[in-house]
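Presented below is the structure to which this report refers.
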Amino acid sequence: MTTHAIPAHAELILPAPAKLNLMLHILGRREDGYHELQTLFQFLDHGDQLGFSLRDDGVIRLHTEIAGVPHDSNLIVRAARQLQEQSGTRLGADIWLDKRLPMGGGIGGGSSDAATTLLGLAHLWKLDCSEDRLAALGLSLGADVPVFVRGRAAFAEGVGEKLTPVELPEPWFLVAVPQVLVSTAEVFSDPELTRDTPPIKVRSLLEGGGRNDCQPVVEKRYSAVRNALILLNKFVPTRLTGTGACVFGSFPNKDDADKVARQLPATLPSFVAQGANVSMLHRTLQELARK
Ligand SMILES: C[C@](O)(CO)[C@H](O)COP(=O)(O)OP(=O)(O)OC[C@H]1O[C@@H](n2ccc(N)nc2=O)[C@H](O)[C@@H]1O
Ligand SMILES: Nc1ncnc2c1ncn2[C@@H]1O[C@H](COP(=O)(O)OP(=O)(O)OP(=O)(O)O)[C@@H](O)[C@H]1O
């Protein structure tokens with residue numbers, strides 16, 4: 001399937017799905033400033049799309065500009081160059097991006113783009129690269145990249161890289177997108193952030209426990225997020241994902257989620273998507289492998 005942003009001649013088109021943090025506890029802070037956390041990741045059937053074509057001159061060229069992100073800082077380009085360097089390949093790639101996920105939304109758009117680039121180029125360049133190696137490479141790009149590389153809903157510990165796959169219900173989610181960019185680094189450096197939540201066992205989470213420790217800080221700093229939580233909570237129990245800005249509630253079916261979405265004001269964009277325990281990226285790659 002091609003889109004306006006991806007030309008029909010792209011050799012490989014892959015999804016870069018969003019994720020939700022169904023809960024997020026902060027247990028402590030490490031010496032390097034990163035936080036130890038416990039979080040539950042599930043994917044959504046909604047995301048960006050990337051197109052890739054092979055180049056034999058070694059050049060990595062992303063043809064889509066993202067406002068405010070220089071070409072060489074884009075996680076897609078950084079992921080491609082790291083893989084190129086580590087694998088020693090002489091090949092390069094043309095890459096196109098159809099950006100649908102809000103940036104700084106807490107639904108992992110940049111991290112998912114990076115993971116799709118790693119897996120897509122490993123496929124296109126025919127590299128013999130294990131998932132463990134790609135996940136380690138991904139971690140150097142961002143704490144959330146490994147879960148997208150592995151593509152399984154997971155309970156995450158450490159800084160988010162110690163992953164235990166889990167089977168969760170796959171409800172429909174309404175995700176509201178407050179029109180504000182939340183800085184993850186800023187939230188993690190707020191002195192009022194709760195950093196001493198005791199560790200819990202994965203089983204108690206699967207029974208529905210947990211909260212998002214970042215939520216009070218984000219609500220305090222960003223009125224758009226606070227207002228979105230107040231509004232959505234009138235219809236469904238609502239929580240922040242990651243460090244925001246997006247907030248979400250779950251529904252047993254799509255119709256119920258759509259009904260609430262229709263009642264939100266135009267100033268609060270939203271989308272409805274189903275939770276997925278296997279990411280769309282991995283489902284697409286599995287189909288490719290069968291062909
Ligand atoms: C909070 C989560 O969204 C949960 O999914 C992620 O762990 C954040 O992942 P991310 O956006 O990929 O984060 P990174 O790009 O690695 O880090 C951004 C900034 O967030 C802070 N950070 C991030 C992850 C973590 N476990 N502890 C932190 O303190 C650090 O200040 C870091 O400079
Ligand atoms: N391909 C990309 N897509 C989005 N953002 C990118 C990309 N490359 C670099 N960035 C930078 O990364 C920042 C964070 O983007 P991202 O969309 O991953 O945030 P997020 O949804 O808050 O992520 P997370 O849930 O992992 O905290 C952006 O503000 C942007 O400056």
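Residues: numbered from 1 along the sequence shown. Each ligand, and each atom within it, is numbered from 1 in the order the structure gives.
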Applying a strict 4.0 Å limit to heavy atoms, is [X] in contact with ligand 1?
X    : answer
G33  : yes
R29  : no
S111 : yes
N21  : yes

Which ligand 1 atoms, with their elements, are less than 4.0 angstrom from a heavy-atom of K19?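 Result: 3 (O), 5 (O).
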
Should one rank [options] by closest heavy-atom distance to [atom], which comes out on top?
atom                    : options          : result
atom 12 (O) of ligand 1 : G104, S140, A143 : A143
atom 15 (O) of ligand 1 : G142, P146, G110 : G142
atom 31 (O) of ligand 1 : S189, A114, A185 : A185
atom 11 (C) of ligand 2 : T243, V69, I107  : V69

Please check whether [X] reaches ligand 2 - meaning an N/O of the residue sits under 3.5 Å from an N/O of the ligand, judged on distance alone.
X    : value
M103 : no
G110 : yes
D113 : yes
G104 : yes
L181 : no

Under a 4.0 angstrom heavy-atom cut-off, which atoms of ligand 2 come close to [X]?
X    : result
K19  : 25 (O)
G109 : 17 (O), 18 (O), 21 (O)
D144 : 24 (P), 25 (O), 26 (O)
G105 : 20 (P), 21 (O), 22 (O)

Identity and separation of the nearest protein heavy atom to [atom]:
atom                    : value
atom 6 (C) of ligand 1  : D144 OD1, 3.1 Å
atom 29 (O) of ligand 1 : H35 ND1, 2.7 Å
atom 25 (C) of ligand 1 : Y34 CD2, 3.4 Å
atom 11 (O) of ligand 1 : T184 OG1, 4.2 Å
atom 22 (N) of ligand 1 : F188 CD1, 3.4 Å

Quick check: does V159 get an N/O under 3.5 Å from an N/O on ligand 1?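 Indeed, backbone or side chain, V159 has an N or O that close.
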
Taking N or O atoms only and a 3.5 Å limit, does T243 qualify as a polar contact for ligand 1?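 Such a contact does not occur with ligand 1.
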
Can you tell me which residue among R211, E36, Q38 is in a side chain to side chain donor-acceptor pair (under 3.5 Å) with T197?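 Output: one option passes, namely R211.
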
Side chain, backbone, both or neither: which applies to T184 and ligand 2 if a contact is any heavy-atom pair less than 4.0 Å apart?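 For T184, the contact with ligand 2 is made by the side chain alone.
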
Give me the ring orientation class for F271 and H46: parallel if the planes are under 30° apart, tilted from 30 to 60°, perpendicular past 60°.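 Plane angle under 30°, so parallel.
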
Hey, what's the ring geometry for F43 with F148, parallel, tilted or perpendicular (30° and 60° as the breaks)?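 If you compare the ring of F43 with that of F148, the planes turn out tilted.
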
For G242, is the nearest heavy atom under 4.0 Å from an atom of ligand 2?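 Contact absent.
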
Examine ligand 2 and decide if any of its atoms is less than 4.0 Å from a heavy atom belonging to K99.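 Right, K99 reaches ligand 2.
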
Heavy-atom distances under 4.0 Å are what count here, so tell me which part of L37 touches ligand 1: side chain, backbone, both or neither.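 For L37, the contact with ligand 1 is made by the side chain alone.
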
More than 12 heavy atoms of other residues, nucleotides or ligands under 6.0 Å from CD of E11: yes or no?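 Atom CD in E11 is crowded, with more than 12 foreign heavy atoms closer than 6.0 Å.
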
For atom 13 (C) of ligand 2, is some protein heavy-atom partner under 4.0 Å away?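 No, no protein heavy atom sits under 4.0 Å from atom 13 (C) of ligand 2.
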
